[in-house]
Structure formats: structure tokens, C-alpha cells
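Before any comments, here is the structure.
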Amino acid sequence: MKVTFPDGSSREYDAGITLNQVAQSIGPRLAREALAAVVDGSLADMSTAVEDSAKIRFLTFQDEEGVDVFRHSSSHVMAQAVKRLYPEAKLAIGPPIQDGFYYDIDVEERISETDLARIEEEMARIVSERIPFTRKVLPRQEAMELFEKLGEDYKVELIRELEDDTVSVYWQGDFVDMCRGPHVPDTGYVKSYKLLHTAGAYWRGDEHNKMLQRLYGTSWFDKKDLKAYLDRLEEAKKRDHRKLGKELDLFSILEEAGPGFVIYHPKGALIRTILEDFEKREHLKRGYQIVVGPQLLKLDMWKKSGHFENYRENMYFTEVEDTQYGIKPMNCLSHMLIYRSKIRSYRDLPIRYFELGTVYRHEKSGVLHGLLRLRGFTQDDAHLLCTPEQLNGEIRGVINFVKDVMGVFGFEYEMEISTRPEKSIGSDEDWQRATEALKQALYDEEIPFSVNEGDGAFYGPKIDVILKDAIGRMWQCATVQCDFALPERFDLEYVGQDGQRHRPIMLHRVILGSIDRFLGVLIEHYAGAFPAWLAPVQVKILTITDRSANYAQSVAERLIHEGFRVESDLRNEKIGYKIREARLEKVPYMLIIGEKEAAAGAVAVRHREDGDRGLASLDRFIGNVRAEMLPPVLE
RNA sequence: GCCGGGAUAGCUCAGUCGGUAGAGCAACUGAUUCGUAAUCAGUAGGUCGGCGGUUCAAGUCCGCUUCCCGGCUCCA
């Protein structure tokens with residue numbers, strides 16, 4: 001029989017040869033590194049015998065599927081260790097995930113993070129035993145009986161729901177798990193792993209179900225890669241915006257003031273203001289009009305919009321003089337009221353209202369997380385009202401706006417479309433049209449996207465933009481939501497060319513999303529070292545001795561006059577100490593001033609990254625850095 | 001909201017068996033006038049998250065509670 005490989009080459013083998021033997025015939029390195037294979041499009045274990053001519057692709061840790069197989073096998077090794085230590089533990093599911101794997105386990109005893117070391121030791125034993133993973137295909141009924149006998153209730157439940165007549169199970173010595181596979185040849189492959197933490201997780205992700213104990217781990221083919229990954233985690237920890245926010249004195253979130261509410265200190269408030277000014281300018285340039293709505297609106301308004309019915313549990317309410325009010329969790333209401341304040345013609349459209357709107361949402365206590373998840377935050381929100389003919393162009397305009405702004409910060413991004421959720425308003429037909437409009441805009445812009453079924457807002461489907469930061473982490477910020485329902489509820493109209501009244505379509509959209517969250521993401525993206533235009537202090541003047549203080553002050557005055565943000569350190573401290581402090585504050589430029597500089601009317605320039613840049617006249621320094629000190633202006 | 005862990009000086013953290021709290025950095029005072037990542041000495045600083053209980057005695061043990069951290073669910 002003939003086996004064809006991905007490069008198009010082929011070889012002849014006797015029928016019945018195993019994939020492992022095929023790999024060996026090609027080379028010892030492949031035989032060592034192959035984890036599983038794809039045979040005519042389906043995944044298979046290396047021990048699988050090949051009976052007919054086939055196309056074969058071997059999977060190593062270099063392939064995405066290979067990594068998944070490897071991590072999946074790792075989770076089985078962990079599960080086996082857990083069963084040795086906790087024989088009554090019932091296993092739920094144990095899939096591979098980004099950078100690792102987990103297993104959900106139902107066991108009476110609490111497994112703490114210190115127990116993870118014991119489980120790791122047991123895993124080491126299992127790895128050194130090099131136990132083969134053996135696949136068996138059982139009739140459904142037989143598999144059900146097997147797991148019933150073992151008391152594996154969750155597996156039984158899973159099997160019961162399977163459509164197939166047969167179920168594959170994998171044995172590792174005396175440990176058995178129901179599993180589609182494939183797996184690596186034996187447990188000896190899983191040499192480089194670490195268990196990271198424990199967590200609670202609902203069975204099947206449903207908060208009405210029992211909470212299981214989830215054990216998270218990571219595993220890599222190579223020890224080096226494990227080390228690199230653990231270093232990456234350390235790096236992420238160093239960039240944590242909550243830690244940097246405190247160190248750089250940007251903001252605080254205090255128990256006494258209320259959870260989920262940020263208090264911006266001068267430097268944090270300054271960065272926010274710079275971002276907001278940048279946004280206002282860019283919006284005005286793109287034909288948006290800045291508007292401002294009130295923080296509270298009468299409850300009736302929220303009933304009319306559907307927020308009271310669909311979003312109540314996230315809202316704050318208050319009562320004044322026997323009238324009930326809702327504190328705004330979104331900005332759309334005022335914007336619709338402005339639209340409705342006079343008769344609109346098709347000639348007026350599109351209308352784009354922009355508001356840096358501060359909203360309050362009652363988020364569940366367990367979800368709050370620094371600036372990334374707050375109960376009060378400010379959105380760079382806009383509502384675009386347009387005709388059906390304009391819809392495509394408006395969506396594309398927003399997408400391009402997002403593209404331009406993300407370029408400024410150096411983010412790559414992916415896009416995702418979310419469709420109608422269960423709790424929602426509007427007709428199916430409108431949802432269909434809205435979803436199509438979003439898709440069409442992405443096709444037209446040639447932007448690939450994934451689809452997230454049932455994840456839209458209650459009033460319409462949306463495009464979410466997922467950013468990728470400097471160390472590869474993903475964040476959700478921008479979103480565009482297409483809405484036919486609210487214009488209907490608020491009876492928004494325009495007079496068309498035909499003299500008839502028509503319903504406009506509304507787009508809800510944010511670019512940065514929440515300014516607060518975006519700032520948190522930026523802190524982590526830049527590791528606190530903001531580009532000069534965003535840095536709260538752009539230049540720090542450091543004197544060698546107090547004999548240069550007068551000259552240093554004149555330099556500071558000049559720079560402030562030029563519009564730079566400047567601080568001076570005139571203390572009687574050694575220069576090394578002052579540099580160290582300025583570096584910890586991540587100030588982009590340090591100007592070192594001694595008698596030499598004073599005599600020459602110059603400054604010694606030091607950059608936070610490259611260090612000493614040598615002497616320059618003050619004028620030359622100003623000329624060189626002016627451009628990077630100013631906010632970018634987009635085309 | 002749920003599961004697990006935690007809260008000690010401004011910050012980072014130690015505190016043994018229950019016996020009335022400690023370090024480094026920061027702050028303050030003094031000395032030092034110094035050339036590219038930490039000068040030296042001294043002083044001050046605490047309702048041990050909050051409330052209650054056990055005890056002769058609680059930072060330490062128990063209960064409740066608030067907030068934080070890691071997840072789950074949810075989300076800008």
C-alpha cells in the first residue's frame with residue numbers, strides 16, 4: 001500500500017504497519033518527536049495500524065494539533081495522579097487550553113495549592129513509569145457500565161448524551177478515562193510540566209450546577225519551553241496594572257470608598273485626560289458631534305428602552321421626591337432623545353453623537369478586577385443614526401477608525417461577531433439583517449472574523465475587537481453593535497426623499513471601550529513605560545549639585561514654556577540615586593545638569609531605555625524630541 | 001453571586017507553642033556638594049481589615065462580616 005506525506009512524497013509499506021513504524025522508517029528524530037498523526041484527515045494514535053493506502057501527516061509539538069494532544073495527555077497524567085492520591089475523586093472533563101490544560105474533579109477533600117506539589121510528585125512517578133496510553137473502542141452500553149461501576153458519574157452523564165454507538169476509552173495502566181483521543185504514546189512524554197493553581201468551576205459552566213475543583217497546569221515538550229513560559233508568567237506579573245498603578249502613583253481603588261470605583265491620582269488623571277483629548281479631536285475630525293447626557297434618567301425611560309427588563313440586575317436605582325430614577329449603565333438614551341428633539345431629514349443623516357460617558361453597572365462582586373472590571377467607568381461611546389443605505393459605510397467607517405487608533409498604540413487585533421442571545425428584544429428578521437450588515441462590512445474590508453453564537457447585546461448583534469498586546473495577551477475593548485430595536489422603541493424617524501417617514505438604524509460603538517479599562521491594558525502593554533506623548537512626566541531634570549540649581553530651573557522653565565511636562569529633582573542626592581528614581585518612575589527623558597552643562601548652556605540627555613545620549617544644546621534637544629512629545633494626529 | 005486562598009507600618013514582607021509586634025525601602029532630622037541604577041547616621045511611624053466569642057492572656061484559636069487575589073459565571 002502507498003502512504004503519501006504532506007510534502008507530496010510517498011512510500012510503499014505492508015498493510016498493518018503502525019504509524020510509529022512509519023515514523024521510524026523516515027527518521028529517528030521524527031519517531032521521537034511524533035505525538036500523534038492525521039490519517040486521511042482524522043486524528044490517530046501512533047500505535048494505530050494503517051491498513052490501506054493513506055495520506056499521513058505526523059503531529060509534533062510544532063503543530064497546533066500536536067500541542068493539544070500533548071496537553072490533553074498531560075491532563076490525563078494529572079488525573080491519574082489525582083486518582084492515586086484521592087481514589088474517590090470523580091472526574092469531569094480535562095481539556096487542553098491555551099498554554100496548558102486543566103481537569104475538573106469532584107472530590108470531598110479540598111485540594112489546596114500546597115497539595116499540588118504532592119500531585120506533581122505523583123505525576124513524576126507516573127511519567128517515569130512510561131505507562132502506554134492504550135485505546136479501546138467499546139459499545140456504548142459497555143462503556144456506560146464500566147464507568148457506572150467505577151462510580152464516574154460525570155463520564156456516565158457524558159456518554160448518555162453521546163450520539164455514537166461506540167465510545168473510545170483510554171487506559172493508562174489501571175487508570176481509565178473516556179476520551180476521544182488521540183494521546184501521546186506513553187506517559188513518559190510528559191516530562192516538563194507544572195501545576196499552577198486550583199479554582200472552582202461549575203459542572204458544564206452552569207452556575208446552577210455543582211461546583212467542582214479545577215486544577216490548572218501547563219506542560220511543554222521541552223524543559224526550555226516550560227522555563228520560557230514560566231518566565232512569561234513572571235513578566236506578566238511585573239506588568240500587572242494594579243501593581244504598576246500603585247508604584248507609579250496613578251490611581252487607587254479603596255475598600256472604604258467602594259469596590260469597583262477608581263480614584264485617579266494626578267498622574268493617572270493626566271494620562272486619562274490626554275487620551276480623552278486625543279479622542280475628542282479624532283472624533284470631531286470624523287464628523288462626530290460631542291454631546292453630554294445626564295447621569296440619571298427617569299425609570300420610565302429605562303422601561304421604555306428595555307433596559308429595566310433586560311439589564312435591571314446590573315443597574316443602580318434611586319428615588320427623589322417620589323420619582324424613581326435609574327443611574328445610566330449605557331449612554332444611548334440621551335443620544336436618542338437628542339435625535340428625537342426635532343424632525344430629521346434623510347439629508348441630515350448620518351448623525352454621529354459622541355460622548356465620553358461615565359456609566360455605572362452593578363457587576364457581581366467576584367468579577368471586579370483593577371481597572372479592567374469596574375462598577376463605574378467612562379466609555380468613549382458613540383451612537384450613529386443612519387439610513388439602511390448608509391449602514392454598510394458607517395460600519396466600515398467605524399472599523400477603519402478602530403484600525404487607525406489601534407495602530408497608534410501598536411496593537412494587533414482580531415474581530416469576532418456575536419449573534420442573538422436568548423434574552424433580547426426585536427424581531428428575528430431585524431436580527432438577521434443586522435447580523436448580515438456586520439458580516440458584509442467585514443467582508444468588504446477583507447477582515448477575517450470568527451462567530452460567537454448567542455453572545456450579542458440584548459438589542460442587537462455586535463462586532464468585538466480583540467487586541468493583542470506586547471506580550472501576546474488578548475484584550476477586548478472596541479465593539480460595534482447594530483441596533484434596529486431601540487429606534488423602534490423610541491419611535492425615531494427621518495423624512496426620506498419620498499416624503500415618507502422612515503426608521504433610522506442605530507449603531508452603538510466604542511473605540512477604546514472603557515477609557516479606564518483601556519488605560520489598564522495600556523499600562524500592561526507598555527509595562528508602565530508610556531510613550532512620551534502619554535507619559536505624565538516627559539522630562540525630569542536632575543542636578544549634580546545644588547550649584548547648578550539656578551540653571552536647572554531656567555531649563556525647566558523653558559521646557560514648560562515649550563509645552564513639555566517637566567519635573568525637577570534638585571535634592572542634595574548623588575546623581576546615581578536620582579537617575580535610579582527617575583528610571584523607576586519610567587520618565588522617558590532625564591536631563592542631567594552639572595557645572596559643565598551650565599557653562600555650555602547645554603543639557604546631558606539620558607533616555608530611559610538607551611541610557612546616556614550625550615551632551616546637546618537645549619534648543620537641539622527640544623527640536624529632537626518635540627514630535628514624540630505631542631499626541632499623534634491621524635490622517 | 002459561587003469555590004479556594006489572603007488582609008500585620010506609606011510600600012514589600014517576617015512574626016515559632018496563645019504571653020502585649022519586627023526588618024528592608026519610603027518619610028522626617030542631621031551630616032555629606034558628589035558626573036549616569038541605591039552616601040552615612042539618627043528619629044518617628046501600628047486599633048495587626050472590622051465586629052463578636054473562647055481564654056488569666058488573642059496578630060496567633062473559633063464564628064460572622066468587609067475587601068483583595070486566583071478561577072467559574074458574567075462583561076466595556
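Between A/T545 and B/rC34 there is no side-chain N or O to OP1 or OP2 distance below 4.0 Å. OP1 or OP2 of B/rA26 lies within a sub-4.0 Å distance of a side-chain N or O belonging to A/Y577. OP1 or OP2 of B/rC72 sits under 4.0 Å from a side-chain N or O of A/Y216. OP1 and OP2 of B/rC68 both lie 4.0 Å or more from every side-chain N or O belonging to A/R373. Of the side-chain N and O atoms in A/R509, none sit less than 4.0 angstrom from OP1 or OP2 of B/rA76. A/K578 has no side-chain polar atom (N or O) that falls below the 4.0 Å cut-off from OP1 or OP2 of B/rC34.
Taking the P atoms as reference points, B/rU60 lies 11 Å from B/rG19, given to the whole Å. Rounded to whole Å, the separation between the P atoms of B/rU65 and B/rC3 comes to 12 Å. Rounded to the nearest Å, the gap between the P atom of B/rU16 and that of B/rU8 is 16 Å.
At a threshold of 4.0 angstrom between heavy atoms, the contacts of A/L196 with the nucleic acid are absent. A/R214 comes within 4.0 angstrom of sugar-phosphate atoms only, judged by non-hydrogen atoms across all strands, and of no base. Contact annotation for A/F377: base contact, defined as any heavy-atom pair under 4.0 Å involving a base atom. Nucleic acid contact for A/E313: none, since no nucleic acid atom lies under 4.0 Å from a heavy atom of the residue. Using a 4.0 Å heavy-atom cutoff across all strands shown, A/G594 reaches at least one base atom of the nucleic acid. Nucleic acid contact class of A/V510 (heavy atoms, under 4.0 Å, all strands): none. Note on A/K462: only backbone sugar-phosphate atoms sit closer than 4.0 angstrom, heavy atoms only; bases stay farther off. Within the 4.0 angstrom heavy-atom criterion, base atoms lie near A/A604. Across all strands shown, A/I544 has heavy atoms under 4.0 Å from base atoms, whether or not it also approaches the sugar-phosphate. Using a 4.0 Å heavy-atom cutoff across all strands shown, A/G205 reaches sugar-phosphate atoms only and no base atom. Base engagement by A/R361 is indicated by at least one non-hydrogen atom pair under 4.0 Å involving a base atom. Within the nucleic acid shown, A/E256 has no heavy atom closer than 4.0 Å to any nucleic acid atom. At the heavy-atom level, A/E363 lies under 4.0 Å from base atoms of the strands shown. Among the protein residues, A/E573 comes within range of the nucleic acid bases, having at least one heavy atom under 4.0 Å from a base atom.
For the pair A/E609 and A/K586, the salt-bridge criterion is not met [side-chain N within less than 4.0 Å of a carboxylate O]. Residues A/E313 and A/R361 are not paired through a salt bridge, judged by the lack of any N-O separation under 4.0 Å between the basic side chain and the carboxylate.
Nucleotide B/rG46 forms a pair with no other nucleotide shown, judged by Watson-Crick or G-U wobble geometry with both contacts under 3.5 Å. Nucleotide B/rG30 has B/rC40 as its partner under the Watson-Crick or G-U criteria, with both atom distances under 3.5 Å.
Of the residues A/E412, A/E524, A/E235, the one that meets the salt bridge (charged side-chain N to carboxylate O under 4.0 Å, His left out) test with A/R473 is A/E524.
More than 12 heavy-atom neighbours from other residues, nucleotides or ligands sit within 6.0 angstrom of CG on A/N209. No more than 12 heavy atoms of other residues, nucleotides or ligands lie within 6.0 Å of CD in A/E108, so this atom counts as exposed by the packing criterion.
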* Going through the distances and angles, do A/D381 and A/Y353 end up as a side-chain hydrogen bond (donor to acceptor under 3.5 Å, both in side chains)? -> CA-CA 8 Å; A/D381 205 1; A/Y353 293 131; over 6 Å; no

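Nearest-nucleotide positions on RNA chain B place A/H369 closer to the 5' end than the other of A/G513 and A/H369. With RNA chain B read from its 5' end, the first of the two nearest nucleotides for A/M211 and A/R547 is the one closest to A/M211.
For B/rG71, the base has no donor-acceptor partner in the side chain of A/Y202 [N/O atoms by modelled type, under 3.5 angstrom].
Ring geometry, A/F458 versus A/Y311: the interplanar angle falls from 30° to 60°, so the pair is classed tilted.
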